[in-house]
*Asks:* 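Got a structure for you, written out below as structure tokens; questions coming shortly.
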Amino acid sequence: MTAGPALLDAPSRRRAGAGLGGIRSVGSETVDTAEVGRSDRLALMRSGELGSVHSWELVTAVDGPGTRLTVFLSGCPLRCLYCHNPDTLAMKDGEPVLAEDLLARVARYRGIFSATGGGVTLSGGEVLMQPAFAARVLRGAKELGVHTTLDTSGFLGANATDAMLHDTDLVLLDIKAGDEETYRRVTGRSLAPTLRFGRRLAERGVTVWVRFVLVPGLTDDPENVVAVARHAADIEAVRPGTVERVEVLPFHQMARDKWAELGRTYELDGTEPPTPEATEAVRDVFRAHGLTTY
Ligand code: SF4
């Protein structure tokens, strides 16, 4: 969902159709996800039995602790200028995947998860575009004893039910900018819902890793960085211990070709990644606000 460094076309990444679709039982019926009609498909999606999934991959030391099955759901209401997954933005472009098939895959990796302290991460796109599907997968994962993570911008945090948050061990919360004007420039949307969601997570005792993508000329203004750090510190202040870490992710250009392939205008074509020194200086700002950062 975010601009995670160097992961987005990892060799292990698999399109959702690879091993997750097909004919499966849903309740007492047998469903061919390729054949069901549009209205049936919508009903299954509303109930959360079926999701629209772009792809999945097994990763280590990113998207949460340990080795993780990261599942990229399709659909996102934001339009981040630096989006590294522009091919996940339309829900219609995803593959139909049954929650029970996804959970069967989660179950297969339980040994790796418990050996590494890992689990499943629902990402995207924006996972909270499909709250019923996410809720079903989170519940199923918890029943399997698997650690669960949501990777989200928080813009649709109101879609997350309390039950869903009860089944969520960790939220990777992107705070993409510190003020409304910059946030809107970066994403096309409003910052306020993300901050509301962050406070709610703290109130409910859900652990948060804040993520901030450092983009020269877009998000690196010192006032903006300080504002993001203040927001993260405010969430931490609601319940100390909530914000376990802040990840400052240096922008890179790995998605440039994807934008070109999709025929989209990519405004950051000439933007260079931040220097290691600039990235470290931003991390120092978060540290100065009492936060642990990497
Ligand atoms: S929130 Fe949506 S538009 Fe922004 S980086 Fe993530 S997937 Fe891309």
Side-chain angles (χ1 to χ4, degrees), residues 1-10 13 15-16 51-57 59 62-64 70-95 121-131 133-134 149-160 171-178 180 182-198 208-215 218-220 224 228 231 247-269 271 273:
M1 84 93 25
T2 184
L7 302 175
L8 300 161
D9 274 314
R13 192 158 176 183
R15 284 294 297 190
S52 176
V53 177
H54 176 271
S55 55
W56 58 272
E57 66 183 354
V59 292
V62 289
D63 299 337
T70 298
V71 184
F72 298 88
L73 275 61
S74 291
C76 184
L78 271 52
R79 292 294 177 265
C80 302
L81 296 183
Y82 56 65
C83 182
H84 283 203
N85 290 335
D87 47 344
T88 67
L89 299 185
M91 203 189 296
K92 67 175 175 48
D93 292 342
E95 298 286 338
T121 297
L122 298 183
S123 183
E126 172 52 61
V127 56
L128 295 175
M129 286 274 280
Q130 302 183 58
F133 180 69
T149 296
L150 287 186
D151 177 13
T152 176
S153 73
F155 179 72
L156 297 177
N159 285 358
V171 171
L172 309 179
L173 183 66
D174 278 4
I175 303 182
K176 294 164 184 289
E180 281 291 346
T182 310
Y183 195 91
R184 194 166 285 281
R185 187 167 160 235
V186 173
T187 72
R189 297 290 195 145
S190 168
L191 168 64
T194 298
L195 302 182
R196 268 199 301 275
F197 188 52
V208 172
W209 291 5
V210 167
R211 288 175 148 186
F212 171 62
V213 182
L214 182 63
V215 189
L218 185 65
T219 66
D220 65 342
N224 181 57
V228 174
H231 292 315
E247 295 184 329
V248 177
L249 307 174
F251 166 77
H252 57 67
Q253 284 287 7
M254 290 182 66
R256 182 166 28 202
D257 292 348
K258 273 194 206 172
W259 282 73
E261 281 162 23
L262 293 166
R264 290 176 187 264
T265 306
Y266 181 53
E267 294 186 26
L268 301 183
D269 204 22
T271 301

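Whatever order the structure lists ligands and atoms in, that order sets their numbers, starting from 1.
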*Asks:* What's the shortest heavy-atom distance between K176 and F212, and which atoms?
*Replies:* O-CE1, 4.0 Å
*Asks:* Using a 4.0 Å cutoff against the non-hydrogen atoms of G125, which atoms of ligand 1 qualify?
*Replies:* 7 (S)
*Asks:* Identify the two heavy atoms, one from S52 and one from G94, that lie closest to each other, and give their separation to 0.1 Å.
*Replies:* OG-CA, 3.3 Å
*Asks:* Is there a donor-acceptor pair closer than 3.5 Å between any side-chain N or O of E57 and the backbone N or O of V59?
*Replies:* no
*Asks:* Is there an N/O/S atom in C80 at a distance below 2.8 Å from atom 4 (Fe) of ligand 1?
*Replies:* yes
*Asks:* I'd like to know if K176 contacts ligand 1, where contact means a heavy-atom distance under 4.0 Å to any ligand atom.
*Replies:* yes
*Asks:* Compute the minimum heavy-atom distance from L89 to ligand 1 and say whether it is under 4.0 Å.
*Replies:* yes
*Asks:* Checking D63 against T121 for the side chain to side chain donor-acceptor pair (under 3.5 Å) test, could you report, in this order, the C-alpha distance in whole Å, the side-chain angles of both residues, the deciding distance, and whether it holds?
*Replies:* CA-CA 7 Å; D63 299 337; T121 297; 5.7 Å; no
